[in-house]
Each structure stands twice: as structure tokens, then as C-alpha cells.
Amino acid sequence: KNLIALYFQAKLRRDQGKTELAKQIYQQILEIKANHLGALEDLAILYTQENNELAITYFDRVLEQNPTYQVYYNYGYYFQYQEDFQNAIQKYQESISLNESWPYSYYSMGYCYLASALYSKDKLKKKSLLNSALKSFDKTINLDGGYLEAYHSRAICHQNIGNKKAALEDFKFCLMINPGYEPAMNGISELEKSN
């Protein structure tokens, strides 16, 4: 019944890929101490990775006692993984409200806006979603000027809006960060073919 020992045993099993055993040990911990933050957070993440809606229960329990930007970010990722972009955006906005200088929440929110735009059949809604995505990627890049995926995603936004020049600039910037970045090379090739 040593909580510290049990917790490290659960983490070890998780790191070894023995997730079922890890979950059993985390449950043992919660039987001893129902609000054990580490066990609750780890279970939320394990269930996210399994695409299991039990993650929601654990995230909600974590937020009751520890509403941090990182927890909201992880919760947003759960919804993003489900392709429930609306709920994901809401969680990322909560994360940003608690920490406006963390680029990952902005990037992930932009990703959700972009994905929603690419699914949308409504032209006005699509344009609005692309503009929201652009703002999120701009903010990401302002906070972290070397965020490769943000430049790439922003290029895709520009490409879908029809701003080929801006798209080309962002794809080229990707190659300045990582000269072998294939998605950017493919993007440039695609733009050159469409000219």
C-alpha cells in the first residue's frame, strides 16, 4: 500500500508497454487514494491513446483539482484524436486562457480549424475556418519561430485560400528549417504544377 512505490511500478509497466497491468496498478492506487493526481492524469492519457471515452472521466476528475493549461491541452488532444474538432478547439482555448505563451495550444487549435475547413462544403464557413487557422498558426510562429509544422500548416491554409505566393514562401521556410522536409517539397511541386 505504498503509494509512491505503486505509482512508480505503474509508470514502469506503462513505459514497458504493459498498459493493462499499468491500468490495474493505477486503479489500485485510486482505491487507496481516490484523488491521486498522477494516477488520474496517466489513466486519462492511456485511455486517450486507446481512443477510449473513459479518458473524459479521468480528465474531468483531474480538472476538478488541477485545472492547468497542460491538462486542458491533453484533453483537447483527446477530442482532436476523435476528430471532434469543436470540443478540441474549446479545450485548447481553455489552455490558452491559462497560458498565452505556450505555442502548442495555438498550433493544435489551428490544426483543428484547418481540418474542419478541409471537411467543410460551405464556402463561407470554409473561408472563416481557414482565417481562424491562419491566426492560430501566426500566433504559434510568433511564439516559436522555428515551429516547422506551423509553417507547413500555414502554407496549406494560404494554398486553400488561393494565396499561392504566401504558400510558396511558407513551404520554402520549412525547407530552411529542415532541408529534407518532404511535405514542403511536395507542396512546392504542387504549386509549380498549378501555375
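These numbers come from the heavy atoms of this one structure, side chains and all, not from hydrogens, waters or symmetry mates.
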Checklist line | Result of checking Lys33, Gln28, His36 against Leu6 for side-chain contact (heavy atoms from CB on, under 4.5 Å) | finding: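 Answer to the side-chain contact (heavy atoms from CB on, under 4.5 Å) test with Leu6 among Lys33, Gln28, His36: Gln28.
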Note to self: Leu30 vs Leu40, test: side-chain contact (heavy atoms from CB on, under 4.5 Å). Steps then yes/no.
What the structure shows: CA-CA 8 Å; Leu30 293 176; Leu40 292 170; 3.8 Å; yes
Distance-only, no hydrogens or angles: does the [X] side chain make a donor-acceptor pair with backbone N or O of [Y] under 3.5 Å?
X	Y	result
Gln65	Asn35	yes
Asn160	Ile156	yes
Ser108	Ser105	no
Arg154	Phe171	no

Next item on the list: Give the ring-plane orientation class for Tyr69 versus Trp102, where under 30° counts as parallel, over 60° as perpendicular and anything between as tilted.
Entry: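 Taking Trp102 first and then Tyr69, their aromatic rings stand perpendicular (interplane angle over 60°).
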Check: Which of parallel (below 30°), tilted (30 to 60°) and perpendicular (above 60°) describes Tyr92 and Tyr73?
Finding: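 Correct class here is tilted.
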Margin query: Less than 3.5 Å apart, any donor N or O on the side chain of Glu100 or Tyr106 sitting next to an acceptor on the other?
Written below: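 No, no side-chain donor-acceptor pair sits under 3.5 Å.
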Note to self: Checking side-chain polar atoms at under 3.5 Å, does Glu53 have a donor or acceptor matched by the opposite partner on Tyr78?
What the structure shows: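 Not at all, the side chains of Glu53 and Tyr78 share no donor-acceptor pair under 3.5 Å.
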Notebook entry, point to check: Is the charged tip of Lys91 near the ring of Tyr75: under 6.0 Å from the six-membered ring centre and within 45° of its axis?
Noted result: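 Yes, cation above the ring, under 6.0 Å and within 45°.
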Margin query: Pair Glu94, Leu98 - check side-chain contact (heavy atoms from CB on, under 4.5 Å), show working.
Written below: CA-CA 7 Å; Glu94 292 280 354; Leu98 295 171; 5.8 Å; no
Check: Within a radius of less than 6.0 Å around CD of Gln86, do more than 12 heavy atoms belonging to other residues, nucleotides or ligands occur?
Finding: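 No - once you tally the heavy atoms of other residues, nucleotides and ligands closer than 6.0 Å, there are 12 at most.
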Next item on the list: Count the heavy atoms belonging to other residues, nucleotides or ligands that lie under 6.0 Å from CD of Glu182, then report whether that count exceeds 12.
Entry: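 No, CD of Glu182 has 12 or fewer neighbouring heavy atoms, counting only those of other groups under 6.0 Å.
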Check: Which ILVMFWY residues are connected to Leu124, directly or by a chain of links, through side-chain heavy atoms under 4.5 Å apart?
Finding: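 Its cluster mates, by chain and number: none.
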Side-chain donor-acceptor distances from residues 19-26 under 3.5 Å, at least two apart:
residue, atom, partner, partner atom, Å
Glu20, OE2, Lys23, NZ, 2.9
Lys23, NZ, Glu50, OE1, 2.9
Lys23, NZ, Glu50, OE2, 2.9
Tyr26, OH, Asp42, OD2, 2.7

Margin query: Using the rule ring pair (Phe, Tyr, Trp, His ring centres under 6.0 Å), only one of Tyr111, Tyr104, Phe137 pairs with Tyr147; which is it?
Written below: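 The ring pair (Phe, Tyr, Trp, His ring centres under 6.0 Å) with Tyr147 is passed solely by Tyr104 among Tyr111, Tyr104, Phe137.
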Checklist line | Partner set under salt bridge (charged side-chain N to carboxylate O under 4.0 Å, His left out) for Arg13, not counting sequence neighbours | finding: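 So Arg13 forms no salt bridge (charged side-chain N to carboxylate O under 4.0 Å, His left out) with any residue.
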Item checked: Gap between atom SG of Cys112 and atom CD of Gln90 - 0.5 Å precision ->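 Going from the CD atom of Gln90 to the SG atom of Cys112 covers 12.0 Å.
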Next item on the list: Quick one: pull up CG in Leu130 and CG in Asn163 and give me the separation to the nearest 0.5 Å.
Entry: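 Spacing of CG (Leu130) from CG (Asn163) equals 12.0 Å.
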Next item on the list: Show the numbers, then the answer: is there a side-chain contact (heavy atoms from CB on, under 4.5 Å) between Glu149 and Thr140?
Entry: CA-CA 10 Å; Glu149 293 85 356; Thr140 306; over 6 Å; no
Next item on the list: Would you indicate whether the side-chain heavy atoms of Leu175 and Ile188 approach each other to under 4.5 Å?
Entry: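 Of all side-chain heavy-atom pairs linking Leu175 with Ile188, at least one is under 4.5 Å.
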Next item on the list: Take Arg14 and Lys11, measure what side-chain contact (heavy atoms from CB on, under 4.5 Å) needs, and give me the verdict at the end.
Entry: CA-CA 5 Å; Arg14 186 198 68 194; Lys11 284 181 98 51; 3.5 Å; yes
